[in-house]
Amino acid sequence: MPADVVEILRWGHSGLAAVLEVHPDRPVALRELTAGPVTVRARVSQPVVEVLVPGEGRARASQRLSETAVGCRLRYAGSEQSRADGWHELRVRMRDEVSGLAAELTLRSPEGVPAVQASVRVTNHGEEPVLLLAVTSFAAGFLGLPAAELDVLYGDSDWLGENRWTARPLADHVPDLGLAGHGQHGKGVFTLTSTGTWSSGRHVPMGGLSDRRTGRTWLWQIEHNGAWRWEAGDRLDGAYVALSGPTDPDHQWSELLAPGESFVTVPVSVAVSDDGVEGAAAALTAHRRALLRPHPDRPALPVVFNDYMNTVMGDPTTDKLLPLIDAAAAAGAEVFCVDAGWYDDGGDWWDSVGEWLPSQTRFPRGLEEVLARIAGHGMTAGLWLEPEVIGVRSPMADKLPAEAFLQRGGVRLAEHGRHHLDLRHPAAVAHLDQVVDRLVEGLGVGYFKLDYNVNPGAGTDVGATSVGAGLLAHNRAHLAWLEGVLDRHPHLVLENCGSGAMRMDYAMLSRLQLQSTSDQQDFLRYPPIAVAAPLSVLPEQAANWAYPQPGMTDEEIAFTMCTGILGRLYLSGNLHRMTPEQLALVRDGVRLHQSLRPDLLRATPCWPLGLPGWDDPWLALGLRTEDVTHLGIWRRPGADESAVLRLPHLSGRDLRAQAAFPATQEGWSAAWNPRTAELTVTATAPAPTARILHLRPY
């Protein structure tokens, strides 16, 4: 190809279009990624792959994953397009003749969905080993637009305070520095990272950029159950984004590639829309559904009762559980999960877990009696399990070899009284397989709540170039173990829980069936978590706790039930102590949720009051289908009596607002203005109060 000729590489399908620019003297660049018509108006130069190595580092001084020396030298070496099983795929090959490194970018997208999954394979074709310090999974300029015109979206997260989303001008983090007058790309950058294995322990592994003038939006997720990084910054030709798994500067990760060896990055996905954040969220929702491993749980979505939250609290016994099981069945639960403590004889079980043998003191006639009671009501029996840890006082701590644990400097890592298994080791995998098979095949367990309450930090220096590389290999071995469990037990349901939702990512959730969204025990604080959850996780996977109690008023019972109904209802509470009238109210909420399950599988989220703030007095979540919008509304103490909800997708249409739960509208009224697409809601019922409405055009 002559030096002055630019080749345009086009790829996509009915829902997505991508345009890449190929030039003999420049790296490949993504010029367009859109759900609408291709305009190819942007001229961007951000390389589609960045590779950081120690001998050269970056082509320009900065601490960004933009303009790495290798990334700037990678040249187009060919591409292939294919289609199979409803997925379109593009592979773009690149080569750096100086380092001998080759990179292959793979883009995958399901037909009709405006989203793409990306990963990169780097191969050493040289004659000497090369140490990798960072490799991006996706890197691109954002439509040639400057940072000053964009908003950046990100979600803070914490134990008990998950999914706290914020949209701010990118210029708040990356100011306009007049780069054109200096003739250089910028050095500053807005970066979010996560360390260790709590992939959502500090931030949700997602982000987004949006053109505030046109609404064009990219929304991305990093699909990794370990460390990650994303960044957004400004270049001479506009803003860019770079997404990656672990890196050397952030996570002590490096990988030594011998000649002929390859490294594959963690996958990431990017959804695109011309309709703002809600449009991108709808695209990412459809993409996530395409990523899911098929499972019988998916069309069924059974209601789970878990005995922990504000109820048994990790202290189960036969006498406590039997009446609770009867009440949960009467309320309509279809799974009953016995949470933490079922294996404990001594009352101080935190640092002794690991054998997973049923307690004989808690269940004098055997745990089998409790599980039989569950099965007798037609419910699936579930157990809490924290498989990746071994308590420092557990007999398994001495039975397993030292190499079966994550280590640093020859010492087994310990956090909060637990050692951490290294699932690269066959003895660790064999132990966990034996535990799962024994509980499933011997006790008839059909559901596991997989908890994860410690973070081992940077990783392990056993059998790896770096501690970060050891951790990445363990992360991948963990995913392989989960797939093996589901291969052996295809009807087994696995819940993802990590101290609530501190490991909420689509490496895990593409394989597991549901996600506990929090450990938050205050029913007044849970709604913002549940309302924001569908931006981070599929509605049908978002297990939002509802824990009604006999000491609550009817309005308070309705309030906490509403928190669970518009997700994967996750029920708890001392139902066996309720009056018949209270239990009937709970049962009404369960029945409504069960009636919504077909819609959960196809709905997309909307936020009529915007993404929730942690202290917002009014909160609202809509789940949209073609013919109905299911709307949850919460009024917390201190709120004004009225709120105005905006529903632009229903603009110009007459609506019927039907009270779905509770069945009465007493204390509530709603007035719809089709011209402004605003629903004015007034609640004179004492706060806290909440309702579920069905909005149907007619």
Side-chain angles (χ1 to χ4, degrees), residues 110 113 163 271 278 281-306 331-335 380 447 493-496 501 504 506 508-518 526-527 529-546 560-571 586-608 619-634 647 649 658-661 690-696:
V113 177
N163 296 316
E278 287 190 4
L284 190 56
T285 297
H287 184 72
R288 286 167 172 163
R289 286 174 176 145
L291 292 175
L292 294 186
R293 175 188 172 112
H295 193 280
D297 176 80
R298 177 150 182 76
L301 304 181
V303 173
V304 179
F305 184 96
N306 182 294
E334 295 152 302
V335 175
T380 298
Y447 179 103
V493 177
L494 299 180
E495 172 196 336
N496 190 35
M504 182 171 62
Y506 269 85
M508 299 293 288
L509 287 171
S510 63
R511 296 163 171 88
L512 307 189
Q513 286 67 63
L514 67 161
Q515 169 73 56
S516 173
T517 57
S518 186
Y526 210 126
I529 298 170
V531 168
L535 188 55
S536 309
V537 60
L538 285 172
E540 62 267 33
Q541 288 183 297
N544 298 319
W545 290 81
T560 187
M561 289 299 296
C562 286
T563 300
I565 286 171
L566 290 188
R568 182 72 181 269
L569 179 58
Y570 204 39
L571 193 61
V586 173
R587 187 164 54 245
D588 287 346
V590 172
R591 287 172 177 164
L592 172 63
H593 169 78
Q594 291 169 328
S595 74
L596 298 181
R597 290 185 289 200
D599 282 355
L600 282 179
L601 293 169
R602 62 193 181 103
T604 58
C606 63
W607 293 273
L619 303 113
L621 169 66
L623 295 181
R624 298 171 47 182
T625 69
E626 297 84 356
D627 51 2
V628 62
T629 297
H630 306 292
L631 182 63
I633 313 170
W634 292 258
L647 298 155
H649 68 286
Q658 174 189 358
F661 179 80
R691 293 291 186 271
I692 305 292
L693 305 179
H694 298 324
L695 304 181
R696 288 187 171 89

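Note that the structure is predicted; figures quoted are calculated from it, not measured.
We find the CZ-OG distance between R288 and S510 to be 11.5 Å, quoted to the nearest 0.5 Å. Rounding to the nearest 0.5 angstrom, the gap separating the CZ atom in R624 from the CG atom in L631 is 12.5 Å.
A donor atom on one side chain and an acceptor atom on the other are found under 3.5 Å apart for N163 and S536.
Annotation: side chain to side chain donor-acceptor pair (under 3.5 Å) contacts of Q541 (sequence neighbours excluded): Y506. Contacts of E540 classified as side chain to side chain donor-acceptor pair (under 3.5 Å), with partners at least two apart in sequence or in another chain: R289, R298. By the ring pair (Phe, Tyr, Trp, His ring centres under 6.0 Å) test, Y570 pairs with W545, sequence neighbours left out. Among residues two or more places apart in sequence or in another chain, the side chain to side chain donor-acceptor pair (under 3.5 Å) test is passed with T563 by W634. For H630, the ring pair (Phe, Tyr, Trp, His ring centres under 6.0 Å) test picks out H694, with sequence neighbours left out. H593 pairs by the side chain to side chain donor-acceptor pair (under 3.5 Å) definition with nothing, not counting sequence neighbours.
Side-chain contact between L623 and D599: absent, with no pair of heavy atoms (C-beta onward) separated by less than 4.5 Å. Under the 4.5 Å side-chain criterion, counting only non-hydrogen atoms from C-beta, L596 is in contact with L566. A 4.5 Å side-chain heavy-atom check between V493 and T380 finds every atom pair outside the cut-off. Residues M561 and L571 meet the side-chain proximity criterion, which asks for heavy atoms closer than 4.5 Å. A 4.5 Å side-chain heavy-atom check between T285 and P605 finds at least one atom pair inside the cut-off. At a threshold of 4.5 Å between non-hydrogen side-chain atoms, the residues Y447 and N306 do not count as touching. Two residues are said to be in side-chain contact when any heavy atoms from C-beta on lie closer than 4.5 Å; P302 and D297 meet this criterion. Side-chain contact check for N544 versus Y526: some heavy-atom pair is nearer than 4.5 Å.
Across A603 and P539, no two heavy atoms sit closer than the pair O-CG, 4.5 Å. The two residues L535 and W607 come nearest to each other via the heavy atoms N-CZ2, 3.8 Å. Smallest separation of non-hydrogen atoms from L647 and L695: CD1-CD1, 3.6 Å. L284 approaches A271 most closely through the heavy-atom pair N-CB, 3.6 Å. Residues T517 and I529 approach most closely at O-CG2, 3.6 Å, considering heavy atoms. Between A620 and P608 the shortest heavy-atom distance is O-CD, 3.8 Å.
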Can you check side chain to side chain contact (heavy atoms under 4.5 Å, CB included) on Q515 and M508, steps first, answer last?
-> CA-CA 9 Å; Q515 169 73 56; M508 299 293 288; 5.8 Å; no
Residues F305, V590; criterion side chain to side chain contact (heavy atoms under 4.5 Å, CB included); working and verdict | CA-CA 11 Å; F305 184 96; V590 172; over 6 Å; no
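In this structure, Q513 contributes its side chain and L494 its backbone to a donor-acceptor pair below 3.5 Å. Proximity of a side-chain donor or acceptor of Q594 to a complementary backbone N or O of G332 within less than 3.5 Å is detected.
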